[in-house]
Amino acid sequence: MITIEAAGKAKRKVEETYIVYDGENHDDVMNFVKPLDSHVTKKKNKIQIVTPRGATSAEPEEVIVKSPGNRIEIFSQDEFAAVYDVL
(Lines give C-alpha, C1' and ligand atoms only; values in the text may rest on other atoms or scores of the structure.)
Protein backbone atom coordinates (compact mmCIF):
# COMPACT_ATOMS: atom_id res chain seq x y z
CA MET A 1 0.00 0.00 0.00
CA ILE A 2 1.29 3.47 -0.87
CA THR A 3 1.12 6.39 1.50
CA ILE A 4 0.08 9.74 0.04
CA GLU A 5 1.17 12.90 1.79
CA ALA A 6 -1.57 15.09 3.25
CA ALA A 7 -0.88 17.90 0.75
CA GLY A 8 1.32 18.46 -2.27
CA LYS A 9 1.32 18.76 -6.05
CA ALA A 10 0.14 16.10 -8.50
CA LYS A 11 0.06 15.56 -12.26
CA ARG A 12 -2.29 13.22 -14.06
CA LYS A 13 -0.70 10.24 -15.79
CA VAL A 14 -3.35 9.59 -18.44
CA GLU A 15 -4.67 11.23 -21.57
CA GLU A 16 -8.27 12.36 -21.31
CA THR A 17 -10.89 12.97 -23.98
CA TYR A 18 -12.96 16.12 -24.32
CA ILE A 19 -15.79 17.70 -26.27
CA VAL A 20 -16.94 21.31 -26.51
CA TYR A 21 -20.68 21.78 -26.03
CA ASP A 22 -21.68 24.37 -28.63
CA GLY A 23 -25.33 24.58 -27.59
CA GLU A 24 -26.50 22.53 -30.58
CA ASN A 25 -24.49 19.29 -30.46
CA HIS A 26 -26.73 17.72 -27.80
CA ASP A 27 -26.60 14.20 -29.22
CA ASP A 28 -22.81 14.26 -29.58
CA VAL A 29 -22.38 15.37 -25.96
CA MET A 30 -24.90 12.85 -24.62
CA ASN A 31 -23.15 10.05 -26.54
CA PHE A 32 -19.77 11.30 -25.28
CA VAL A 33 -20.77 11.03 -21.60
CA LYS A 34 -22.29 7.54 -21.92
CA PRO A 35 -22.74 5.31 -19.97
CA LEU A 36 -23.75 8.21 -17.71
CA ASP A 37 -27.30 9.51 -18.03
CA SER A 38 -27.78 12.99 -19.45
CA HIS A 39 -30.50 15.21 -20.88
CA VAL A 40 -31.05 18.70 -22.23
CA THR A 41 -32.60 20.97 -19.60
CA LYS A 42 -35.64 23.12 -20.31
CA LYS A 43 -33.84 26.25 -19.13
CA LYS A 44 -30.93 27.96 -20.86
CA ASN A 45 -30.02 25.09 -23.21
CA LYS A 46 -27.85 23.25 -20.68
CA ILE A 47 -27.10 19.54 -20.60
CA GLN A 48 -27.45 17.88 -17.23
CA ILE A 49 -25.15 14.93 -16.61
CA VAL A 50 -25.83 12.50 -13.76
CA THR A 51 -22.59 11.19 -12.29
CA PRO A 52 -21.97 8.86 -9.33
CA ARG A 53 -20.96 11.99 -7.39
CA GLY A 54 -24.15 13.88 -8.25
CA ALA A 55 -25.63 15.81 -11.14
CA THR A 56 -23.77 18.58 -12.94
CA SER A 57 -24.59 20.64 -15.99
CA ALA A 58 -22.73 22.04 -18.98
CA GLU A 59 -23.57 25.32 -20.69
CA PRO A 60 -22.83 26.21 -24.31
CA GLU A 61 -19.13 26.87 -24.99
CA GLU A 62 -17.98 24.81 -21.99
CA VAL A 63 -15.56 21.90 -22.35
CA ILE A 64 -16.51 18.49 -20.97
CA VAL A 65 -13.59 16.23 -20.07
CA LYS A 66 -14.03 12.49 -19.58
CA SER A 67 -11.40 10.73 -17.51
CA PRO A 68 -10.88 6.99 -17.02
CA GLY A 69 -13.68 5.54 -14.94
CA ASN A 70 -16.17 7.89 -16.65
CA ARG A 71 -15.35 10.77 -14.35
CA ILE A 72 -16.67 14.03 -15.82
CA GLU A 73 -15.26 17.52 -15.33
CA ILE A 74 -16.58 20.71 -16.92
CA PHE A 75 -14.41 23.73 -17.68
CA SER A 76 -14.76 27.11 -19.32
CA GLN A 77 -12.59 27.26 -22.42
CA ASP A 78 -10.11 29.53 -20.60
CA GLU A 79 -9.89 27.12 -17.64
CA PHE A 80 -9.42 24.18 -20.01
CA ALA A 81 -6.60 25.96 -21.85
CA ALA A 82 -4.90 26.74 -18.53
CA VAL A 83 -5.02 23.09 -17.40
CA TYR A 84 -4.61 21.04 -20.60
CA ASP A 85 -2.38 20.91 -23.64
CA VAL A 86 -4.41 19.63 -26.60
CA LEU A 87 -2.70 16.69 -28.32
Side-chain angles (χ1 to χ4, degrees):
M1 181 175 149
I2 63 170
T3 301
I4 299 174
E5 294 183 33
K9 293 183 179 183
K11 182 178 179 181
R12 294 187 184 190
K13 300 177 185 178
V14 296
E15 291 180 9
E16 298 166 303
T17 56
Y18 72 92
I19 188 169
V20 176
Y21 175 45
D22 65 15
E24 296 181 16
N25 59 342
H26 314 292
D27 291 338
D28 292 338
V29 171
M30 290 189 287
N31 284 328
F32 176 78
V33 301
K34 284 184 179 181
L36 301 175
D37 290 329
S38 61
H39 64 275
V40 178
T41 65
K42 294 180 182 176
K43 284 185 161 183
K44 298 186 181 179
N45 202 26
K46 295 180 181 180
I47 292 185
Q48 184 173 37
I49 305 163
V50 181
T51 75
R53 296 176 181 218
T56 188
S57 62
E59 296 182 18
E61 304 309 317
E62 289 187 317
V63 182
I64 303 159
V65 176
K66 187 175 184 181
S67 301
N70 296 317
R71 185 173 182 176
I72 298 293
E73 292 182 89
I74 299 170
F75 297 92
S76 71
Q77 291 190 29
D78 287 341
E79 291 169 330
F80 179 79
V83 174
Y84 290 92
D85 290 321
V86 176
L87 304 177

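Values reported hereafter were calculated over all heavy atoms of this structure, with side chains retained and with hydrogens, waters and symmetry mates removed. Each residue takes its place number in the sequence, starting with 1.
Across all non-hydrogen atoms, the minimal contact from V65 to Y84 is CG1-OH, 3.5 Å.
The ring pair (Phe, Tyr, Trp, His ring centres under 6.0 Å) check on Y21 picks up H26, with sequence neighbours excluded.
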Could you give the side-chain donor-acceptor pairs of residues 68-76 under 3.5 Å, partners two or more places apart or in another chain?
{"unit_1": "E73", "atom_1": "OE2", "unit_2": "R12", "atom_2": "NH1", "d": "2.9"}
{"unit_1": "E73", "atom_1": "OE2", "unit_2": "R12", "atom_2": "NH2", "d": "2.8"}
{"unit_1": "S76", "atom_1": "OG", "unit_2": "E79", "atom_2": "N", "d": "3.1"}
{"unit_1": "S76", "atom_1": "OG", "unit_2": "E79", "atom_2": "OE1", "d": "3.4"}

Show me the donor-acceptor pairs within less than 3.5 Å that the side chains of residues 34-43 make with the rest of the protein, sequence neighbours left out.
{"unit_1": "K34", "atom_1": "NZ", "unit_2": "N31", "atom_2": "OD1", "d": "3.2"}
{"unit_1": "H39", "atom_1": "NE2", "unit_2": "Q48", "atom_2": "OE1", "d": "3.2"}
{"unit_1": "T41", "atom_1": "OG1", "unit_2": "K43", "atom_2": "O", "d": "2.8"}
{"unit_1": "T41", "atom_1": "OG1", "unit_2": "K46", "atom_2": "N", "d": "3.3"}
{"unit_1": "T41", "atom_1": "OG1", "unit_2": "K46", "atom_2": "O", "d": "3.3"}

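A chain of hydrophobic side-chain contacts below 4.5 Å, direct or via other Ile, Leu, Val, Met, Phe, Trp or Tyr residues, connects V86 to V20.
Rounding to the nearest 0.5 Å gives a distance of 11.5 Å between CD1 of I47 and CD of E59. To the nearest 0.5 angstrom, I64 atom CD1 is 14.0 Å from E16 atom CD.
Remark: Y18 OH is loosely packed, at most 12 non-hydrogen atoms of other residues, nucleotides or ligands lying under 6.0 Å away.
Taking 4.5 Å as the limit, some side-chain heavy atom of I19 sits within range of a side-chain heavy atom of N25.
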